[in-house]
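Beneath this line is the structure, given in structure tokens, with notes to follow.
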Amino acid sequence: MTAATPAPPMIRMAGVDKFFGPLHVLKDVTLEVPKGQVVVVLGPSGSGKSTLCRTINRLEPINSGVIEVDGQPLPAEGKELARLRADVGMVFQSFNLFAHKSIVDNVVLAPVKVRKVPAAQARKDAMELLERVGIANQAEKYPAQLSGGQQQRAAIARALAMRPKVMLFDEPTSALDPEMVQEVLDVMTTLAREGMTMLVVTHEMGFARKAADRVIFMADGEVVEDSTPEDFFSAPKSNRAKDFLGKIL
Ligand code: ADP
Ligand code: MG
């Protein structure tokens with residue numbers, strides 16, 4: 001009898017170290033995100049959460065260790081890197097939309113340029129994605145004409161347009177007015193329910209409790225805890241996590 005080869009995790013980091021000059025910002029980070037899981041990353045400011053996200057699609061090089069996406073090591077550069085990077089969608093705190101392009105053109109751009117999708121098809125796909133995030137009626141407007149929540153939903157649609165295998169979110173609601181946070185979290189929750197693999201840096205504890213399969217707590221560049229939301233919020237093991245939760249809850 002031949003045993004089935006287990007599917008590789010969508011993201012695998014093993015023994016990853018990252019320095020900025022003398023500053024050791026990721027310390028022997030090892031973690032896996034299996035396909036279909038939603039992992040929320042928590043931790044104080046400066047603990048390395050954004051750097052972690054940026055190393056996963058090589059916006060930042062690492063000093064040692066391995067990072068694989070869907071079983072493939074990340075190449076350092078070139079066409080292969082561009083292809084693997086397209087598998088990893090990223091949404092930032094600042095929406096980073098192109099100001100001089102309409103919302104739909106923002107979504108169309110990368111599929112046409114990078115994936116060589118025919119323009120008409122890319123536009124049709126883009127309208128479907130804008131429908132999914134609830135802003136199809138804003139398609140012809142420019143980013144500045146939209147609310148922050150709508151802009152962030154457009155940024156999510158733009159990332160999804162590349163048909164990524166995994167989505168990284170780095171504090172996607174931190175720059176939003178409070179009344180717009182929920183509409184963005186709702187889009188993310190729907191994505192999670194549809195089975196998207198997601199790594200989400202957020203301070204939204206409600207989202208972490210409801211949508212996360214796992215919570216990773218980082219402090220000082222280290223993964224300090226890796227547990228279920230239930231365990232993390234009810235019984236954090238480390239003093240650093242207890243201290244963190246004491247400050248934010
Ligand atoms: P977090 O997202 O958890 O707030 P970051 O990953 O942004 O943390 O930062 C981790 C540490 O690395 C911080 O000490 C920060 O000042 C430092 N850092 C981040 N980016 C750079 C950079 N480009 N150059 C030098 N230091 C950086
Ligand atoms: Mg950050």
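Atoms within a ligand are numbered from 1 in the order they appear, just like the ligands themselves.
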**Message:** Looking at non-hydrogen atoms alone, which of Thr51, Leu23, Asp170 comes nearest to atom 5 (P) of ligand 1?
**Reply:** Thr51
**Prompt:** Heavy-atom distance to atom 12 (O) of ligand 1: which of Val41, Val201, Val25 wins?
**Reply:** Val25
**Prompt:** In terms of ring plane angle, is the pair Phe244 and His203 parallel, tilted or perpendicular, where the classes change at 30° and 60°?
**Reply:** tilted
**Request:** For atom 25 (C) of ligand 1, decide whether some protein heavy-atom distance is shorter than 4.0 Å.
**Result:** yes
**Message:** Yes or no, since that's all I need: does a protein heavy atom fall within a distance strictly under 4.0 Å of atom 14 (O) of ligand 1?
**Reply:** yes
**Request:** Name all pairs fulfilling the ring pair (Phe, Tyr, Trp, His ring centres under 6.0 Å) condition that reach into residues 46-103, sequence neighbours left out, sorted by first residue then second.
**Result:** none
Which protein non-hydrogen atom lies closest to [atom], naming both residue and atom, and how far is it?
atom	answer
atom 10 (C) of ligand 1	Gly46 O, 3.5 Å
atom 3 (O) of ligand 1	Lys49 NZ, 2.8 Å
atom 19 (C) of ligand 1	Phe20 CE1, 3.5 Å
atom 7 (O) of ligand 1	Ser50 CB, 3.7 Å
atom 8 (O) of ligand 1	Gly48 N, 3.2 Å

**Message:** At a cut-off of 2.8 Å, what protein N/O/S atoms sit near the Mg ion (ligand 2)?
**Reply:** Ser50 OG
**Pro44 touching ligand 1 at heavy-atom level, < 4.0 angstrom** = yes
**Message:** Yes or no: does Ser47 have any heavy atom under 4.0 Å from an atom of ligand 1?
**Reply:** yes
Salt bridge or not between [X] and [Y]? Use side-chain N to carboxylate O under 4.0 Å.
X	Y	result
Glu140	Arg123	yes
Asp220	Arg240	yes
Arg214	Glu32	no

**Message:** Looking at every non-hydrogen atom in both residues, tell me the closest pair between Phe169 and Met188 and how far apart they are.
**Reply:** CE2-CG, 3.8 Å
**Request:** Provide the closest heavy-atom pair for Arg158 versus Leu97 in the form atom of the first, atom of the second, distance.
**Result:** NH1-CA, 3.7 Å
**Message:** Between Asp105 and Ser102, do the side chains contain a donor N or O and an acceptor N or O under 3.5 Å apart?
**Reply:** yes
**Message:** Ignoring hydrogens and geometry beyond distance, is a side-chain donor-acceptor pair present between Glu225 and Ser238 at under 3.5 Å?
**Reply:** yes
**Item:** From Asp213, Val200, Ile216, residue fulfilling side chain to side chain contact (heavy atoms under 4.5 Å, CB included) relative to Val40
**Value:** Val200
**Request:** Taking the six-membered ring of Phe233 (Phe, Tyr or Trp), confirm whether the NZ or CZ of Arg209 is under 6.0 Å from its centre and within 45° of its axis.
**Result:** yes
